[in-house]
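From a predicted model like this one, the values you see are computed outputs, not experimental measurements. Ligands are counted one by one from 1 in listed order, and the atoms in each one are counted from 1 as well.
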Amino acid sequence: MNVLKFGGTSVGSAQRIQEVAKLISDDQPKIVVLSAMSGTTNTLVDITNHLYRNDRQEALTTIQNLELDYLMTISDLYSTEEFKHRGQEFVQTIFTYLRSFINKDFYPLQEKAVVAQGEIISTTLMYYYLQEQGIPSTLLSALDFMRIDKDCEPDYFYIEQNLKRLLSNPATERIIITQGFICRNAYGEIDNLKRGGSDYSAALIGAALNVEEIQIWTDIDGVHNSDPRYVKNTKAIRSLSFDEAAELAYFGAKILHPSSIQPAKKANIPVRMKNTMNPSDEGTLITKESPIKDFKAVAAKDGITAIKVKSSNMLLAYGFVRKVFEIFESWKTPIDMIATSEVAISLTIDSTCHLEDIKKDLTKYGTIEVEESLSIICIVGDCSINNSGLAARALTALKDIPLHMISYGASEHSISLLVKQTDKQKALEALSERLLNQ
Ligand SMILES: Nc1ncnc2c1ncn2[C@@H]1O[C@H](COP(=O)(O)OP(=O)(O)O)[C@@H](O)[C@H]1O
Ligand SMILES: N[C@@H](CC(=O)OP(=O)(O)O)C(=O)O
């Protein structure tokens, strides 16, 4: 069995849904994980913002416009009156539910339920379409098996037990359709795996069922050697190791959710990235081992904040770094990059929710400097100790760009550099020209 995940663009119109249906209609048993049609989750988030602000008219107009889009999709998607009617009835139930929140107090729990509707709609429309085409399939609700625990981490045991239980139903067809992104939390409430989380859903399902392959179908021929939204002439990489792919995903390659490689790596299941618009292209295969290359790819992560703690107490002291880290731990704020000197420690975070609290706590250890709007540039390649000269080439490529921090040596697969967000594009272009396209 394989897991095939189709992203928002892949199911972004009636025609796209029809094309995905063709791709999944062979005889192979498979679990098909769908995202919401592109744009829907953003619009649902807008609706929740209007509801929080009690902006009745804006909420109503946004809900109505989205409903109209879906009614048009339905009229293009189905050819028979019967299925047009079923689609309309289903979509109207969802939009009546959305309208029911208007004129009431709105809570975070309801926000998660509203945002979940995109995947509920896309999977149901696909399920009906397959029925109309006479292709048997089973629609499985992710809310019946996908769960996160109190720390918002996947509940692996629950997921595996419940998926296996549901699939053991003899009425289950060879094609199983389910939602990406959505789940329940430890209290049974509707929740999600964070934006872009359908990749993560697919990987969790694949690992729970120990499938042969996890396929992520998107709108580009696999993982490219740089971000095509910022750099011209990027090229698809044919092979990546789990570790290389995880670094790229974590440091900004939007094509993959940052957590999605971990379950695949743990279960040693290959991940194949494919293009829905060009299915014959081989895409990118992510496995345990991959041929080594000096420079494979570059990714960039925006919205980074650097914090520097300067203190002469650090000189020859022990326990100082631990105390600093404990503050970040107490505020549940992950640290990405670290650099130390005799009297200072610099580190970066990407969540500023508790920045003021962290700064306040850090002042007891020294003077604090904060710099915002930075980007981490992550260069993935052969950064092993024996590959001398690699860091020098990377730094030479960036000779005209001020570097705020460098992290080298911690990973055999990557070098990370901190630049101003405004220098990101220039840095990506320079690396592409001087390292990747040589
Ligand atoms: N290194 C990269 N390789 C390929 N695509 C990338 C990379 N970095 C960013 N992207 C962007 O990611 C997009 C695919 O991700 P996403 O929009 O989330 O797809 P989906 O809708 O299938 O989930 C591509 O269209 C591309 O613009
Ligand atoms: N629909 C969700 C989940 C997701 O993974 O979407 P996509 O596969 O289109 O990135 C989101 O927009 O965040």
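Atoms of ligand 2 found under 4.0 Å from any heavy atom of Arg195 (numbered from 1 in listed order, with element): 11 (C), 12 (O), 13 (O). Ligand-side atoms of ligand 1 in range of Gly8: 20 (P), 21 (O), range being under 4.0 angstrom from any heavy atom.
When heavy-atom distances to ligand 1 are checked against a 4.0 Å cut-off, Arg229 comes that close only through its side chain, counted from C-beta outward. For Ser35, every heavy-atom contact with ligand 2 shorter than 4.0 Å involves the side chain, none the backbone.
Counting protein heavy atoms only, atom 18 (O) of ligand 1 is closest to Lys254 NZ, 3.2 Å.
A salt bridge links Asp27 with Arg174: the closest approach of a Lys/Arg side-chain nitrogen to an acidic carboxylate oxygen falls below 4.0 angstrom.
Geometrically, Lys194 does not engage Tyr200 in a cation-pi contact defined by less than 6.0 Å to the ring centre and at most 45° from the axis.
Selection from Glu119, Lys194, Lys254 by nearest heavy atom to atom 3 (C) of ligand 2 gives Glu119. Relative to atom 19 (O) of ligand 1, the option among Val231, Thr218, Val11, Asp227 with the closest non-hydrogen atom is Thr218. Which of Ser122, Ser198, Gly196, Ser201 comes nearest to atom 10 (O) of ligand 2 through a heavy atom is settled by distance: it is Gly196. By heavy-atom distance, the residue among Thr276, Ile220, Asp219 lying nearest atom 25 (O) of ligand 1 is Asp219.
Other residues, nucleotides and ligands contribute only 12 or fewer heavy atoms inside 6.0 Å of the NZ atom of Lys265. No more than 12 heavy atoms of other residues, nucleotides or ligands lie within 6.0 Å of CD1 in Ile292, so this atom counts as exposed by the packing criterion.
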**Message:** side-chain contact (heavy atoms from CB on, under 4.5 Å), that's the test. Do Val20 and Trp217 meet it? Break it down for me.
**Reply:** CA-CA 9 Å; Val20 169; Trp217 288 78; over 6 Å; no
